[in-house]
Undergrad: 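Could you have a look at this structure, given as structure tokens, before my questions?
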There are 2 protein chains.
Amino acid sequence: MTSTLGYAILAILARHPRSGYELSTAMSRPLGYFWTARHSQIHPELQRLVAARQVSFEQVPGPGPQDKKIYSLTDEGLAALRQWVVEPPQIRPERDEMVLKTYAAWLADPAELIRLFRDQLEAHERRLSSYEEQRASMPEAPAHGSPAFGNYATLWCGISYENHRIAWCRWMIGQLGTDRDLLEKNDQLSASLYPSWDAVKPSES
Amino acid sequence: MTSTLGYAILAILARHPRSGYELSTAMSRPLGYFWTARHSQIHPELQRLVAARQVSFEQVPGPGPQDKKIYSLTDEGLAALRQWVVEPPQIRPERDEMVLKTYAAWLADPAELIRLFRDQLEAHERRLSSYEEQRASMPEAPAHGSPAFGNYATLWCGISYENHRIAWCRWMIGQLGTDRDLLEKNDQLSASLYPSWDAVKPSES
DNA sequence: GTCCTCATGTAAACCGTTACATGATTTC
DNA sequence: GAAATCATGTAACGGTTTACATGAGGAC
């Protein structure tokens, strides 16, 4: 019954109670990297969760004209969240605009494509270094059972993902920039950092 | 004006003309891994693309009661596609249900989590070996300018992505399965195949 | 005769974004 | 005094999924 957005809200409230406003800031970039939502989606969803008895709220006088509502998980909500976590995820189609562009890249001007992938590369490098910073200010391998484990594990995934993306951008730039000065640079970078086809081959079959 | 779905259709038609039905099979799993759509979305979009003069069609008598329509790109459509390819992609939020579950994983039973990540791991391994097979039946590094380049580059991305995902699943299973017999197995697997934090560190800052 | 593939469409429901709407408090 | 932050909501729109609707031809 509860939507994935609903579980995202429950997952955040499981850490500590928050207002709808705080939820919406937590679920917008650059904080909410793996599930985002606007306040216009969060407020109605909170109302639904209250109706389903998965969250409750207490009203405290806020700065604005309306009362501030501090939402927290109910026992029912926590139980539902716990159950949902270990259920296999819905298979939702991957829609990746960069990969789609790549599929049609054979039609486009190589110089412009290089510019596009350089921009992407920079963006992913910026994200990676931000993740690395976050990791640095975090205890190494927190115990399962503490919320820090969730933070640590999602960060690990994020760092791994950015490395994958960076390797791919570098490879693309290398492929597109044949017989040019950037060839040597990119060859070095992409060959070492990421599993190339050839390096992976001996492991299986 | 044209939506991303529109460009996805243009990108497929740029290879060779197809009917709406053929488009819908091409854009459903397991073929269309990076942009999927149902026929109920494709047929109206094709009508819009025809109205925008980006595709044209010729009717041939089909098996059913209605004529089969073979769509192909117009010069205008090809030009629009070429332009779109090198434009920076819209930043669309990442919504990853597995990462969201991971964020809340500290609440769940480790044994059940291991089961979940093992299933995920298997699915990604299956995909990877299917990709590897496809790569094997493909010329090494096709020239930019031929459609084979698009196939090769998207496959490279897919293989890199699956490797990232596999490494992450293995790491998670290793983290969850402390003081158990599976610890040794997973330590070996994840440490070698994928960049751990520590291995990446000396490169930057 | 039933099921599967080929073939094209429409309608309702759902999810998410953008825009509309209001207003107090704090900071510059 | 203007702008940013805190705070909560609704409405319109666009994209996606699911369901409805039809029907020929071939395989079993």
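In what follows, chains carry the letters A, B, and so on, assigned in the order in which the sequence lines appear, proteins first and then strands, with residues in each chain numbered from 1.
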Undergrad: Between D:dT10, C:dG16, D:dA7, which nucleotide gets closest to the side-chain atoms of A:K68?
TA: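 Nearest to the side-chain atoms of A:K68, counting from C-beta on, is D:dA7.
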
Undergrad: Taking only Lys NZ, Arg NE, NH1 and NH2, and the carboxylate oxygens of Asp or Glu, determine whether A:E122 and A:R115 approach each other closer than 4.0 Å.
TA: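 So A:E122 does not pair with A:R115 through a salt bridge.
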
Undergrad: Which value, rounded to the nearest 0.5 Å, describes the distance between A:S129 atom OG and A:E162 atom CD?
TA: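 Taking OG in A:S129 and CD in A:E162, the distance rounds to 10.0 Å.
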
Undergrad: Using rotation axes that map the C1' atoms of four end pairs onto the next four (five pairs an end), what angle separates the end axes of the helix from C:dG1-D:dC28 to C:dC28-D:dG1, to 10°?
TA: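 Inter-axis angle at the ends, rounded: 20°.
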
Undergrad: Please confirm whether the shortest side-chain N or O distance from A:K69 to OP1 or OP2 of D:dG9 is below 4.0 Å.
TA: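 Yes, such a contact exists.
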
Undergrad: Taking only side-chain N and O atoms of A:H39, does any of them lie within less than 4.0 angstrom of OP1 or OP2 on D:dT8?
TA: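 For D:dT8, neither OP1 nor OP2 has a side-chain N or O of A:H39 closer than 4.0 Å.
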
Undergrad: Can a side-chain donor-acceptor contact be found between A:N151 and A:R15 if the only test is distance below 3.5 angstrom?
TA: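 Per modelled atom types, A:R15 and A:N151 side chains form a pair under 3.5 Å.
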
Undergrad: Hey, does the side chain of A:Y21 come within less than 4.0 Å of D:dC6's phosphate (OP1/OP2), counting only N and O?
TA: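 Yes, such a contact exists.
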
Undergrad: It should be established whether B:R95 places a side-chain nitrogen or oxygen under 4.0 Å from OP1 or OP2 of nucleotide C:dT17.
TA: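 Checking C:dT17 against B:R95, a side-chain N or O does come within under 4.0 Å of OP1 or OP2.
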
Undergrad: Of the options D:dT10, D:dG15, C:dA7, whose atoms approach the side-chain atoms of B:S19 most closely?
TA: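 My answer, after comparing the listed nucleotides, is C:dA7.
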
Undergrad: Under 4.0 Å from OP1 or OP2 of D:dT18: is there any side-chain N or O of B:R38 that close?
TA: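 True: B:R38 side-chain N/O within range (under 4.0 Å) of D:dT18 OP1/OP2.
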
Undergrad: Can you tell me how far the CE atom of B:M172 sits from the NE2 atom of A:H144, to the nearest 0.5 Å?
TA: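 If we round to the nearest 0.5 Å, B:M172:CE and A:H144:NE2 are 7.5 Å apart.
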
Undergrad: Does A:R92 or B:Y71 map to a spot on DNA chain C nearer the 5' end, using the closest nucleotide for each?
TA: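 Nearer the 5' end of the strand: B:Y71.
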
Undergrad: Looking only at side-chain atoms of B:W35, point me to the closest of C:dT8, D:dT8, D:dT16.
TA: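 So the nucleotide nearest the side chain must be D:dT16.
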
Undergrad: Any side-chain N or O of A:Q41 under 4.0 Å from OP1/OP2 of C:dT17?
TA: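 So the side-chain polar atoms of A:Q41 do come within 4.0 Å of the phosphate oxygens OP1 or OP2 of C:dT17, strictly under.
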
Undergrad: Starting at CD of A:Q83, measure out to CD of B:E112 and round the result to the nearest 0.5 Å.
TA: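 It is 9.0 Å, given to the nearest 0.5 Å.
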
Undergrad: Base of D:dT18, side chain of B:S40 - is there a donor-acceptor contact under 3.5 Å?
TA: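 Such a pair exists between side chain and base.
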
Undergrad: Are any of the side-chain nitrogens in B:E125 or B:R165 under 4.0 Å away from the carboxylate oxygens of its partner?
TA: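 Salt bridge flag = no for B:R165 with B:E125.
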
